Amino acid sequence: MTKKDSHDAYIAAAPAQFRAMLAQLRAQLSRALPDAEEVIKYDMPGFQIEDTIIAGYAAFSKQCGLYVDPGAISAHADEIASLKLKATKTGVTFSVSKPITDELVEKLAKSSRSKKGF
């Protein structure tokens, strides 16, 4: 994908099968982090408080990712595993066939915010 300067442009340029999922993820993060500012950093859409990225997301050719504080991932590792999603130290990947739930998005966003001291 080419460089985008807004969440809308990023989602519009994402693979077609992920656009609705990314729009839903953006809305969920916006609700979970109401005082966060939408930003584009490192060519990824994210949500920032002061100068700290609380959560970010990305689309790839076969999956999407939600990126949060490592402590948020470890705090919710059992739930991530129960949904059969793959997790790295800082992210959870998901797809149309294995979506991330709104509840998990909210938990991860709020946990990431807390771990980052906000």
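In this chain, numbering begins with 1 at the start of the sequence shown. The model shown is predicted, which means the values in this text are computed figures rather than measured ones.
Taking a 4.5 Å side-chain heavy-atom cut-off between Ile, Leu, Val, Met, Phe, Trp and Tyr, the cluster of Ile40 contains only that residue.
Between Leu22 atom CG and Ile11 atom CD1 the span is 5.5 Å, to the nearest 0.5 Å. Between Phe94 atom CZ and Leu85 atom CG the span is 8.5 Å, to the nearest 0.5 Å. With rounding to the nearest 0.5 angstrom, the CD1 atom of Ile73 is 4.5 Å from the CD1 atom of Ile80. Remark: Ile49 CD1 to Leu33 CG distance equals 6.0 Å, nearest 0.5 Å. Leu108 contributes atom CG, which lies 10.5 Å from atom CG of Asp69 (distance to the nearest 0.5 angstrom).
Nearest heavy-atom pair across Cys64 and Phe18 is SG-CG, 3.5 Å. When all heavy atoms are compared, the tightest approach of Ala59 to Tyr10 is N-OH, 2.9 Å. A pairwise comparison of heavy atoms in Ala109 and Ala32 identifies CB-CB, 3.9 Å as the closest pair.
Screening residues 72-84 for side-chain hydrogen bond (donor to acceptor under 3.5 Å, both in side chains), with sequence neighbours left out, gives Glu79-Lys107. Applying the side-chain hydrogen bond (donor to acceptor under 3.5 Å, both in side chains) test to residues at least two apart or on different chains, the pairs with a partner in residues 109-118 are Asp35-Arg113, Glu106-Lys110. The list of salt bridge (Lys or Arg N to Asp or Glu O under 4.0 Å) pairs with a residue in residues 45-62, not counting sequence neighbours, is empty. The list of side-chain hydrogen bond (donor to acceptor under 3.5 Å, both in side chains) pairs with a residue in residues 86-102, not counting sequence neighbours, reads Gln24-Asp102, Ser95-Ser97.
Applying the ring pair (Phe, Tyr, Trp, His ring centres under 6.0 Å) rule to Tyr67 yields no partners; only residues at least two apart in sequence or on another chain are considered. Looking at residues two or more places apart in sequence or on another chain, you find a ring pair (Phe, Tyr, Trp, His ring centres under 6.0 Å) between Tyr57 and His7. Legend: residues meeting side-chain hydrogen bond (donor to acceptor under 3.5 Å, both in side chains) with Arg19, ordered by chain and number and at least two apart, are absent. By the side-chain contact (heavy atoms from CB on, under 4.5 Å) test, Val39 is found to be paired with Glu37, Lys41, Gln48, Ile53, residues two or more places apart in sequence or in another chain being considered. Applying the side-chain contact (heavy atoms from CB on, under 4.5 Å) criterion to Ser6, with sequence neighbours excluded, gives Asp8, Ala9. Gln63 is linked by a side-chain hydrogen bond (donor to acceptor under 3.5 Å, both in side chains) to nothing, counting only residues two or more places apart in sequence or in another chain. Qualifying salt bridge (charged side-chain N to carboxylate O under 4.0 Å, His left out) partners for Glu38, counting only residues two or more places apart in sequence or in other chains: Arg26.
In this structure, Leu66 is a member of the same hydrophobic cluster as Leu83, with clusters built from ILVMFWY side-chain heavy atoms closer than 4.5 Å. Residues Phe60 and Met21 fall into different hydrophobic clusters, defined by Ile, Leu, Val, Met, Phe, Trp and Tyr side chains chained together at heavy-atom separations under 4.5 Å.
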